[in-house]
K.L.:
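What follows is a single structure, and I will ask about it in a moment.
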Number of protein chains: 2
Amino acid sequence: MKVTIYDIAKEAGVSIATVSKVINRGGRISEKTRNKVIKIMDELNYQPSVVASALTGKQTYTLGLLLPDLANPFFAEIARSIEDRAQEMGFNVVICSTDNSLDKEERYISLLKQKSVDGIIIATGVRNDALLKELVRQKLPVALIARDMPAVAVDIVLVDDFQGGYLATSYLIQNGHKQIAVIAEDTEVMSSKERIRGYRHALEEAGIPFNPELVRISDFSVKSGKIAAGELLQGLKACTAVFACNDLLAIGTIQAAREMKLSIPDDLSVVGFDNTILATIVDPPLTTIAQPIQDMGAQVVNMILRHINGGHTMNQRMVLPPELVIRSSVSRPRK
Amino acid sequence: MKVTIYDIAKEAGVSIATVSKVINRGGRISEKTRNKVIKIMDELNYQPSVVASALTGKQTYTLGLLLPDLANPFFAEIARSIEDRAQEMGFNVVICSTDNSLDKEERYISLLKQKSVDGIIIATGVRNDALLKELVRQKLPVALIARDMPAVAVDIVLVDDFQGGYLATSYLIQNGHKQIAVIAEDTEVMSSKERIRGYRHALEEAGIPFNPELVRISDFSVKSGKIAAGELLQGLKACTAVFACNDLLAIGTIQAAREMKLSIPDDLSVVGFDNTILATIVDPPLTTIAQPIQDMGAQVVNMILRHINGGHTMNQRMVLPPELVIRSSVSRPRK
DNA sequence: CTGAAAGCGCTAACAG
DNA sequence: CTGTTAGCGCTTTCAG
């Protein structure tokens with residue numbers, strides 16, 4: 001059988017309370033007994049049961065992570081960065097791909113609660129703040145990453161989406177483009193809204209009139225990006241550049257362009273968003289707006305741990321700057 | 001406070017034992033009391049504590065998943081497929097990226113054991129079977145996915161790597177290639193060995209002599225694929241095709257070729273392995289050997305759950321067939 | 001069919 | 001400094 005605290009206590013000739021104290025480095029214990037206990041512990045290869053300790057009100061050292069789809073490189077990278085930091089802090093993370101389905105979100109959250117995770121990090125769209133608010137009400141530590149949700153009081157880490165949209169668009173403008181389209185994944189989502197707002201701001205600043213025909217909505221996948229871009233390019237020969245609100249969509253538009261025998265960047269410039277591994281792999285390499293994924297991941301777990309340990313600190317909102325990564329998918333428009 | 005089984009019992013005017021029985025659909029309970037209890041349970045929004053139940057010897061409904069790197073698209077897709085099946089079966093999965101570091105593997109395994117996960121799925125290289133054997137000895141259910149380890153008695157799901165190497169190489173041969181190089185990620189790993197064996201078998205079958213100069217080792221990343229391919233192409237102008245043992249390496253090869261002004265597939269044909277999303281995104285789209293990732297994921301969790309529930313069934317070894325996915329990175333060699 | 005009671009492994013007062 | 005003891009929330013005999 002598994003070795004328990006009783007085995008250690010008996011073997012060491014002390015009480016379980018003593019053993020518990022040396023485990024938790026609490027209470028006053030003589031060097032002597034402490035050493036003896038420690039010795040026995042690793043002689044017997046003892047590993048305290050987190051389950052038992054959790055039952056007495058301690059932590060489970062487990063975090064839940066809700067995201068739309070682990071197979072999406074952006075979220076895989078986010079997950080990895082979170083996992084890394086969590087691991088450093090002695091936490092594990094359980095992954096929950098929701099496919100943006102409210103149903104799955106609910107089921108996962110319910111499961112996570114039953115398992116008494118110490119906190120939940122959310123990277124999903126969470127359409128209805130109701131779910132979220134409920135979590136907050138129940139005092140379950142929650143933190144959002146890469147998703148805004150102004151109406152709810154939780155910790156948040158995200159990139160400055162407005163700034164990102166602005167950077168992307170400005171860069172295109174600097175390169176001489178005037179007919180610039182946007183493809184966004186969904187206008188419901190705050191980040192899309194903000195990126196588009198940044199886009200419009202750049203346009204405005206440059207005195208370029210905003211043309212609603214040039215903004216397209218799709219969901220997020222290469223395929224739908226391709227479709228959206230196809231429609232766009234079909235209708236408007238005039239457009240010389242597109243700002244795709246994520247790399248997947250950017251790649252879709254590259255593919256659509258290629259199918260229409262448009263060369264990139266000569267016939268069409270495109271800039272993406274996220275700077276996932278995909279951006280380095282497409283041809284041409286994608287100029288894109290980088291999110292500081294490593295940093296964001298580390299920060300959310302810092303935040304949520306602070307919340308878990310420290311109690312109710314104020315809800316933080318950390319907005320990190322995006323960065324333009326120039327590769328080869330943008331050039332000056334053809335005359 | 002959180003509502004417990006006592007609250008339900010009191011409210012329903014029964015004992016906690018009765019409540020427990022209705023939760024576990026065990027024991028004989030009258031329809032009447034059962035319904036009453038159920039009603040109260042969801043009136044009070046009761047959710048049984050997995051932690052408490054686990055302490056009494058029940059399951060934690062949690063699986064550990066060890067893999068090299070979640071940010072690697074292949075493993076992200078594996079993880080996703082495992083997560084999906086696990087979720088269907090009421091299990092959660094905690095992700096552990098080991099970076100193939102023995103150290104991390106050990107730490108993660110230790111953590112997972114402390115948390116009493118019901119089983120561990122391993123997709124990591126696990127160099128030393130010692131760790132693995134220890135797990136088996138401790139009767140912790142273990143299953144391997146996409147990793148062979150003939151020396152240890154555990155459940156295994158993998159693709160027929162030999163067949164995959166054979167398919168890839170044969171296809172190249174059919175297309176008229178004779179000077180075919182291989183880039184593998186590491187010859188220590190069984191799957192690489194097998195793929196190379198398949199490669200050699202195809203060569204042999206076609207009466208093409210095996211040239212050791214044409215096999216290169218690298219680790220697995222686009223960058224190292226690029227380096228390996230660069231060296232290869234530098235030295236041997238003769239080679240007209242390369243079989244890269246995974247998509248990342250294939251992409252590295254494509255990039256190296258491009259840098260040397262070689263056109264793909266005209267100057268150099270390449271076929272990859274895995275059929276990750278990357279294969280659809282590179283230019284040209286990569287002809288590659290597909291692993292049935294969905295299926296593999298579903299099968300490992302089936303296996304490990306059988307092990308968890310059914311006790312010690314025989315160790316299964318499931319070898320799934322790979323499939324050649326033809327895209328555009330292969331053509332006949334230039335005359 | 002239902003309930004009382006003894007744990008599961010550990011923590012946290014409270015005594016000594 | 002160390003031990004006793006009462007739980008944590010749930011499962012599981014064993015009586016009734």
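A note on names: the letters A, B, ... follow the listed sequences, proteins ahead of strands, and every chain is numbered from 1.
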K.L.:
For B:Ile23 and D:dC10, give me the distance from atom CD1 to atom P, rounded to whole Å.
P.N.:
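In whole Å, D:dC10 P lies 6 Å from B:Ile23 CD1.
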K.L.:
Which part of the nucleic acid, if any, lies within reach of B:Val19 when heavy atoms closer than 4.0 Å are counted: base, sugar-phosphate only, or nothing?
P.N.:
nothing
K.L.:
Measure from CD on B:Gln114 to P on C:dG9 and round the result to the nearest Å.
P.N.:
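So the CD-P distance, B:Gln114 to C:dG9, works out to 15 Å.
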K.L.:
I'd like to know if the side chain of A:Gln291 pairs up with that of A:Asp274 as donor and acceptor (distance under 3.5 Å, no hydrogens or angles considered).
P.N.:
yes
K.L.:
Using atom NZ of B:Lys36 as one end and atom C1' of C:dC1 as the other, report the distance to the nearest whole Å.
P.N.:
13 Å
K.L.:
Write down the distance between CD1 (A:Ile5) and C1' (C:dG9), rounded to a whole number of angstrom.
P.N.:
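These atoms are roughly 7 Å apart.
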K.L.:
Below 4.0 angstrom, N of the basic side chain to O of the carboxylate: do B:Arg80 and A:Asp69 qualify?
P.N.:
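A salt bridge links B:Arg80 with A:Asp69.
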K.L.:
Using a 3.5 Å distance criterion without hydrogens, assess whether the side chain of A:Asp118 forms a donor-acceptor pair with backbone atoms of A:Leu63.
P.N.:
no
K.L.:
For C:dG3 and B:Ser15 - does any side-chain N or O of the residue sit under 4.0 Å from the phosphate oxygens OP1/OP2?
P.N.:
yes
K.L.:
Quick one: A:Asn24 CG to C:dA13 C1', roughly how many Å, whole number?
P.N.:
14 Å
K.L.:
Please tell me which of the listed nucleotides, D:dT4, C:dC10, D:dC10, lies nearest to the side chain of A:Ser49?
P.N.:
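Shortest atom-to-atom distance from the side chain points to C:dC10.
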K.L.:
At less than 4.0 Å, is any side-chain N or O atom of B:Thr18 found next to OP1 or OP2 of C:dG3? Yes or no.
P.N.:
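Result: yes.
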K.L.:
If you compare every side-chain N and O of B:Ser20 against the phosphate oxygens of D:dT11 (OP1, OP2), does one of them come in below 4.0 Å?
P.N.:
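The answer is yes; a side-chain N or O of B:Ser20 sits under 4.0 Å from OP1 or OP2.
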K.L.:
Does A:Val51 reach a base, just sugar-phosphate, or nothing at all? Heavy atoms under 4.0 Å.
P.N.:
nothing
K.L.:
Ignoring hydrogens and angles, tell me if any N or O in the side chain of A:Thr4 forms a donor-acceptor pair with the backbone of A:Tyr6 under 3.5 Å.
P.N.:
yes
K.L.:
What is the distance from NZ of A:Lys21 to P of D:dG3, rounded to the nearest Å?
P.N.:
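The distance from NZ of A:Lys21 to P of D:dG3 comes to 8 Å, rounded to the nearest Å.
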K.L.:
Between C1' on D:dT12 and CD on B:Gln59, what's the gap in Å once rounded to a whole number?
P.N.:
16 Å
K.L.:
Where each residue is assigned the nucleotide of DNA chain C containing its nearest heavy atom, which of B:Gly57 and B:Ile16 is assigned the position nearer the 5′ end?
P.N.:
B:Ile16
K.L.:
C:dC1, D:dG9, D:dT2: which one has an atom nearest the side-chain heavy atoms of B:Ser30?
P.N.:
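Of the candidates, C:dC1 comes closest.
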K.L.:
Does a side-chain N or O from A:Tyr46 land closer than 4.0 Å to OP1 or OP2 of C:dC10, or not?
P.N.:
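Yes, A:Tyr46 has a side-chain N/O under 4.0 Å of OP1/OP2 on C:dC10.
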K.L.:
May I ask you to evaluate whether A:Thr33 reaches the phosphate of D:dT2, defined as a side-chain N or O under 4.0 Å from OP1 or OP2?
P.N.:
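A:Thr33 to D:dT2 OP1/OP2: side-chain N or O found under 4.0 Å.
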K.L.:
Kindly say whether, by distance alone, the side chain of B:Lys58 makes a donor-acceptor pair under 3.5 Å with the base of D:dG9?
P.N.:
no
K.L.:
Could you check how far NZ of B:Lys10 sits from P of C:dG3, rounded to whole Å?
P.N.:
15 Å
K.L.:
Please determine if B:Arg317 and B:Asp148 form a salt bridge, counting it only when a charged side-chain N lies under 4.0 Å from a carboxylate O.
P.N.:
yes
K.L.:
Would you say D:dT12 has OP1 or OP2 under 4.0 Å from some side-chain N or O of B:Thr56?
P.N.:
no
